[in-house]
Amino acid sequence: FIPNSFILTTCCNDYLLKETTKAHIDLWLRAGNNGIAIAIEHQGYSKFGEIKASVGYGRLFGQKVGVTIKFHYLGTHADHYEFLHSVTFDVSAFFAATKKLFFGFEIYNPARLKYNFTSTEIIPMKFALWSQFKYSDKLIFSLLIFKQLPGNFNIAASAHYAPLNYFAF
């Protein structure tokens, strides 16, 4: 569970193509054992893109277990096509095995909701298992295993390094 309130912004561009630009802003507000998350994300550019706006609630139970539920508004825009609107949600939980080792899971769109509300195309359901090891205050190692239905299993490993301390309140 996130120990402090924070705001985070990111922008990523893969392969130096404007079509792959992804911008993201997160706001996390913590009060006692409760937290509220608000996020806005856009992937793409002016002629085609996907927008995701999310709001969620998280609760910490004791010192080791936390659960969250997030609701997402999804929008897809493309030149000369109708703007598509959808909503879905995800549920997740985590377990702190030690002060440095964490495990969690997430299920995205467990109700199998559809794109554009009346479409026959279902928003993909995703399952994710993850673990994180906090090597130090500045270095975290992560492992993510996820499956999208339909789709294959995927595995991702990463290291997150923060050379500066974050501003937190």
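- I40 CD1 to L27 CG: the interatomic distance, rounded to the nearest 0.5 Å, is 9.5 Å.
- When side chains are defined from C-beta on, L143 counts as touching I155, because their heavy atoms get closer than 4.5 Å.
- Taking a 6.0 Å sphere around CD1 of I145, one finds it holds more than 12 heavy atoms contributed by other residues, nucleotides or ligands.
- Between S92 and Y108 the shortest side-chain heavy-atom distance does not fall below 4.5 Å.
- Between H42 atom NE2 and K52 atom NZ the span is 13.5 Å, to the nearest 0.5 Å.
- Taking 4.5 Å as the limit, some side-chain heavy atom of L60 sits within range of a side-chain heavy atom of R30.
- Proximity of a side-chain donor or acceptor of S119 to a complementary backbone N or O of N116 within less than 3.5 Å is not detected.
- Residues I69 and V67 form no side-chain contact, since every pair of their non-hydrogen atoms from C-beta on lies 4.5 Å or further apart.
- A cation-pi arrangement is present between K147 and F153, with the terminal nitrogen or guanidinium carbon under 6.0 Å from the aromatic centre and inside a 45° cone about the axis.
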Practice task
Apply side chain to side chain contact (heavy atoms under 4.5 Å, CB included) to L8 and F6, showing your working.
Solution key: CA-CA 7 Å; L8 171 73; F6 70 88; 3.8 Å; yes
Problem - Stepwise side chain to side chain contact (heavy atoms under 4.5 Å, CB included) test for V91 and T68 - result: CA-CA 6 Å; V91 292; T68 63; over 6 Å; no
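- Note on ring orientation: taking the six-membered ring where Trp is involved, the planes of F102 and F94 are tilted (angle from 30° to 60°).
- Here the closest heavy-atom approach between residue Y135 and residue K100 is recorded as O-NZ, 3.3 Å.
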Problem - Pair H160-F141, ring-ring contact (aromatic ring centres under 6.0 Å, His included): steps then yes or no - result: CA-CA 6 Å; H160 308 272; F141 296 103; 9.0 Å; no
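- Tracing side-chain contacts under 4.5 Å through hydrophobic residues (I, L, V, M, F, W, Y), one reaches F105 starting from F127; they form part of the same cluster.
- Side-chain contact between Y161 and K138 is present, with heavy atoms from C-beta onward closer than 4.5 Å.
- Clustering ILVMFWY residues whenever any of their side-chain heavy atoms sit less than 4.5 angstrom apart, transitively, puts Y45 in a cluster other than the one holding L84.
- Contact of the D90 side chain with the N109 side chain is not registered, since no non-hydrogen atoms from C-beta on lie closer than 4.5 Å.
- How far CZ of F133 is from CZ of F103: 10.5 Å, rounded to the nearest 0.5 Å.
- Taking each heavy atom of A78 and F48 in turn, the nearest pair found is CB-CD1, 3.7 Å.
- F71 is not connected to I122 by any chain of hydrophobic side-chain contacts under 4.5 Å among Ile, Leu, Val, Met, Phe, Trp and Tyr, and they are in different clusters.
- Inter-residue side-chain proximity for L74 and I123 is flagged as met; some heavy-atom pair is nearer than 4.5 Å.
- Taken from NZ in K134 to OG in S142, the straight-line distance is 12.5 Å, to the nearest 0.5 Å.
- Between the OG1 atom of T76 and the OH atom of Y115 there is a distance of 6.5 Å, given to the nearest 0.5 Å.
- Partners of F83 by side chain to side chain contact (heavy atoms under 4.5 Å, CB included), not counting sequence neighbours, listed by chain and number: I51, Y73, H77, H85.
- Taking the centre and axis of the six-membered ring of Y57, the NZ or CZ atom of R59 falls outside the cone set by 45° and 6.0 Å.
- For the pair A128 and L144, the tightest heavy-atom approach, listed with the atom from each and the gap, is CB-CD1, 4.0 Å.
- Enclosure of atom NZ in K64 by more than 12 non-hydrogen atoms of other residues, nucleotides or ligands within 6.0 angstrom is indicated.
- Annotation for N152: atom CG does not count as buried by contact number, only 12 or fewer foreign heavy atoms lying within 6.0 Å.
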Practice task
Dump the intermediate steps for salt bridge (charged side-chain N to carboxylate O under 4.0 Å, His left out) on K126 and E106, then the final yes or no.
Solution key: CA-CA 8 Å; K126 299 174 189 170; E106 177 181 4; over 6 Å; no
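- A side-chain N or O of S54 and one of H72 form a donor-acceptor pair less than 3.5 Å apart.
- For the atom pair R112 CZ and M125 CE, the distance stands at 5.0 Å (nearest 0.5 Å).
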